[in-house]
Amino acid sequence: MCRCDEEAWERKKAEDALRAKKYEVEEDLSTLVSMAVADRPVASFFQNDRRSEKNTAALERYVRKFSRMREENIGLMLYGEAGCGKTFFAECIASALQEEGYYPWLTNLWALTAALSSKSIDQRAYLLRRIHRVDLLILDDFGAERDTRYMTEQVYEIINERYKAGRPLLVTTNLDPAVMAQEQHITARRIYERVMEMCAPVRIEGPTRRKTNAAGKMAALKGILEE
């Protein structure tokens, strides 16, 4: 084999290795994307029980004006008691945006950090770039992740990279913004400051849906047992 053939062979091997690595990363990304809203139970504003008309109207307006929200990097913080419907409303927003041709991504920080933690430096960088290109990143149950130094640093990286990308963020959380503002831990405070800078707070009000649903099921069961 002449020198030119050897060089061509080496180039081909390098190209094949690059394609294989790209395929591996794309497979990793497809695993992450499987957590997207398209693969979750579909929620819709049409299914809303209208128990919080004020919230419903405000969030529907956000969807209608999302082109401007995206351009100006305006996100949302849906907060309130557990079971009040924060995740439901987040899924409604994601589904409505999908219908409008946008790419929202609803996931949680546990899943996201776990998916990123085992990757090489190059893979992490690639995945983070792809993550932050989605039109709306939705982090469900923000603040419920385990409070460890590693987790806090990972969360800060994800939030800060999204901030630098200039793309909107939506979080659902049981934490009150007033509690976030009083955080003393320096890294956690930086995370909360970033979130509050990027996201307009919306308190989800109305009766706790989990308790209402449970009460309805108990009443139904009682009726069945008494027949």
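For Glu183 (side chain) and His185 (main-chain N/O), a donor-acceptor pair under 3.5 Å exists by modelled atom type. In this structure, Arg162 contributes its side chain and Pro168 its backbone to a donor-acceptor pair below 3.5 Å. For the pair Glu205 (side chain) and Arg203 (backbone), a donor-acceptor distance under 3.5 Å is absent. At least one donor-acceptor pair under 3.5 Å links the side chain of Asp135 to the backbone N or O of Tyr103. Between the side chain of Thr173 and the main chain of Asp141, no donor-acceptor pair closer than 3.5 Å is present. Lys86 places a side-chain N or O within donor-acceptor distance of the main-chain N or O of Gly80, the cut-off being under 3.5 Å.
You'll find the side chain of Ile93 reaches within 4.5 Å of the side chain of Leu76, heavy atoms only. Between Val202 and Phe89, every side-chain heavy-atom pair lies at or beyond the 4.5 Å cut-off. The shortest distance between side-chain heavy atoms of Leu136 and Phe66 falls below 4.5 Å. Counting heavy atoms from C-beta on, the side chains of Thr107 and Asp140 never come closer than 4.5 Å.
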*Taking it one step at a time, do Glu193 and Arg190 satisfy salt bridge (Lys or Arg N to Asp or Glu O under 4.0 Å)?*
CA-CA 5 Å; Glu193 287 174 349; Arg190 291 168 68 196; over 6 Å; no

*With salt bridge (Lys or Arg N to Asp or Glu O under 4.0 Å) as the test, would you mind laying out the steps for Glu161 and Lys164 before giving the verdict?*
CA-CA 5 Å; Glu161 287 298 319; Lys164 292 191 294 184; 3.0 Å; yes

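Here the rule is side-chain contact (heavy atoms from CB on, under 4.5 Å) with Phe142, and of Leu169, Val195, Thr172 only Val195 fits it.
Within a 6.0 Å radius of CD in Glu72, more than 12 heavy atoms belonging to other residues, nucleotides or ligands are found.
Counted by atom type alone, Arg194 and Asn160 present one or more donor-acceptor pairs between their side chains at under 3.5 Å.
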